[in-house]
Amino acid sequence: MSAAWALAWRIALRRRRLLVLNVLVPLVLVGPVALADAPTQHAAAVYAVLFVTFATFGAAIPWVRDGESGWLERLALRGLPPAALVLGRTAAAAALDFLQLAPAAVLIAGVSRAGPAQVAALAGALAVALALANLLGCWVAALARSVAEAALFGAVSALLLLHGAGTFRTPVPGSLGAAVEGWIPFRLLHESLLAVAGGGPPPGPVLWGTGVAVTLLAAGITVLGAPWMVARLTRPEG
Amino acid sequence: MALGGVDLDAHAGEVVAVLGPNGSGKSSLLRLLATASPLQAGSLELLGEPAGPRAALRRRIGFAGDAPVHPGALTARECVALLGRASGLAAADAAARGAAMLERVGLAADAEAPVASVSLGMRRRLMIAETLVHRPGLILLDEPTLGLDPDGLDALARLLAAAVAAGAAAVVASNDVGFAARVATRVTFLRRSLVVGEGTPSALLAQVGAEAVVAVELAAPARRPLRPPPGVRLVEQGEARLTARVPAGAGVLPALLRAVEEAGASVRGVAVREPDLSDVFRALTGETLA
């Protein structure tokens, strides 16, 4: 267990009010949609947007805030390697997001009376999507100059990727859009949500393979970019 | 701020105090030594290796900036242990050393309180504990006495002495001349990013002689030129205050106060003290430290 991982968990567990809100707010947002018998496509899109933006914002804003306060610089100057700092914190944040969103995901599955295969697929796809969204949040924070910019960039990038993953449209087989969709790991989440909400089959192995591979690739790129990211985040005015 | 003309050595077993007024480059120098800022020109060697933002080098440095920054939700015990881990200590070692360090800075009783709930002075003590918990070879403290009470100052002086006795080198940037004189083995004066004087505290103080410093607070400013009595040197004369150097034990204080009143000023208060490092800075630059 790395220092960055331990630190992220310890801070999250100490902020109990935030922890409770992070469980309750997704439940409050998901509940009406799940209980309203909304069309499957619409419901799955709402859930996907909620889960992905929850993680992207939840990653980007604390990165910027800790950069501005000087806390991140303190960690970097302690000798924590940038890659360990970024990956440790990102992994911890993704795991925390998973636990905080799990009740909302259980509610969706429970209301839809999803089977074990759909529930297992949703759990896996949610884990992959949250990992990617947290990596995205870190990059967004490195490019932003303030918390407001982080929120703006986070929203735009997450929604663009969700759109690219086919969340907001009906797939057209053979089109360029359909080819791109499969490479964006949020597609895996969307397909899993469609399966849970609509009772269809869970995503196939090709979607799983590309989703996991692209997320691992993003993690690798983040490792390479970590020194630059930490330098940017510790000098927000630069 | 760009630093120029700074040549600084700090060896194992030394505490080098860097003194200078606001904007003189003290914090910039410490950030450079902490590898927080890149070196633009010149050369810098830290702990026997070229300076750079390398994790292995940073783990051998203990840097405390001028503001104690912590996640407010964490306790002091958690902060010191987790930062110890960030510097490469194993979890159990970091916890044990952290607890011992909190004891030494006088924070054991507040170890379980959220950092957000303790005073600035307590957070400063915590930052000192965090800075020293991994036993760094190079200790860098920027304005470490801000907010510290006398007990905290004693604890800091003791810890610094113990660390340098164990072989560390320390660089302390401060405006606190009393603390600098107490802990420093050498002093470097900075002014506008340039070194304007350096030496041991005793050698520097010898430069300004043994004359006492008299500070006269004025209720009303002088209306005529002040003619100081023989043996008295005016160092500074303002509307609210004048400072003079007088021979120790010469009994010229009544004559000085008469001269002040003859100049049309009225005296609010008088303080007499031994010369300190701020007087050395004034003698070197003609400016005040604070």
Side-chain angles (χ1 to χ4, degrees), chain A residues 1-22 58 61-89 92-93 96 223 225-238, chain B residues 27 30-38 47 52-75 77-91 93-95 112-117 126-127 130-131 133-134 136-138 140 142:
Chain A
M1 190 171 64
S2 77
W5 166 278
L7 197 51
W9 273 92
R10 187 70 69 169
I11 291 171
L13 294 176
R14 284 284 178 195
R15 291 177 175 153
R16 290 188 191 125
R17 178 182 156 82
L18 185 62
L19 210 56
V20 170
L21 283 173
N22 281 344
I61 290 172
W63 275 116
V64 173
R65 195 188 55 218
D66 288 350
E68 287 177 343
S69 74
W71 175 242
L72 213 51
E73 183 177 64
R74 286 202 69 199
L75 290 177
L77 293 179
R78 299 296 299 199
L80 204 53
L85 174 56
V86 171
L87 278 194
R89 181 168 163 155
L96 281 159
V223 166
W228 174 84
M229 293 165 90
V230 171
R232 287 275 294 195
L233 286 162
T234 52
R235 290 189 205 95
E237 78 289 354
Chain B
S27 294
L30 255 66
R31 288 183 57 77
L32 204 59
L33 297 176
T35 75
S37 303
L47 299 162
R54 297 184 302 284
L57 176 60
R58 285 175 164 176
R59 287 179 177 198
R60 300 171 63 199
I61 298 172
F63 172 59
D66 58 355
V69 179
H70 299 95
L74 294 183
T75 66
R77 182 180 58 76
E78 290 168 332
C79 282
V80 72
L82 288 164
L83 285 175
R85 290 187 63 186
S87 289
L89 299 178
D93 196 18
E112 299 303 330
V115 174
S117 70
L126 172 59
M127 201 168 179
E130 293 160 352
T131 303
V133 69
H134 58 299
L138 175 60
L140 305 168
D142 193 0

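Note that the coordinates shown come from a computational prediction; the quantities given were computed from them, not determined experimentally. Lettering follows sequence order; numbering is per chain, from 1.
Within 6.0 Å of the CZ atom in B:Arg59, the count of heavy atoms belonging to other residues, nucleotides or ligands exceeds 12.
Of the two parts of A:Ala76, the backbone and the side chain both hold a non-hydrogen atom closer than 4.5 Å to a non-hydrogen atom of chain B.
Between chain B and the options A:Asp66, A:Ile11, A:Leu75, the largest number of non-hydrogen pairs under 4.5 Å is found for A:Ile11. Counting heavy-atom pairs closer than 4.5 Å to chain A, the top residue among B:Leu82, B:Thr131, B:Leu83 is B:Leu83. Put simply, of A:Arg15, A:Arg16, A:Arg10, the one with the most heavy-atom pairs under 4.5 Å next to chain B is A:Arg10.
With salt bridges taken as basic N to acidic carboxylate O contacts below 4.0 Å, none links A:Arg78 and B:Glu130.
Taking the ring axis of A:Trp63 as reference, the NZ or CZ atom of A:Arg89 stays within 45° of it and closer than 6.0 Å to the ring centre.
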Going through the distances and angles, do B:Ser87 and B:Val133 end up as a side chain to side chain contact (heavy atoms under 4.5 Å, CB included)? CA-CA 9 Å; B:Ser87 289; B:Val133 69; over 6 Å; no
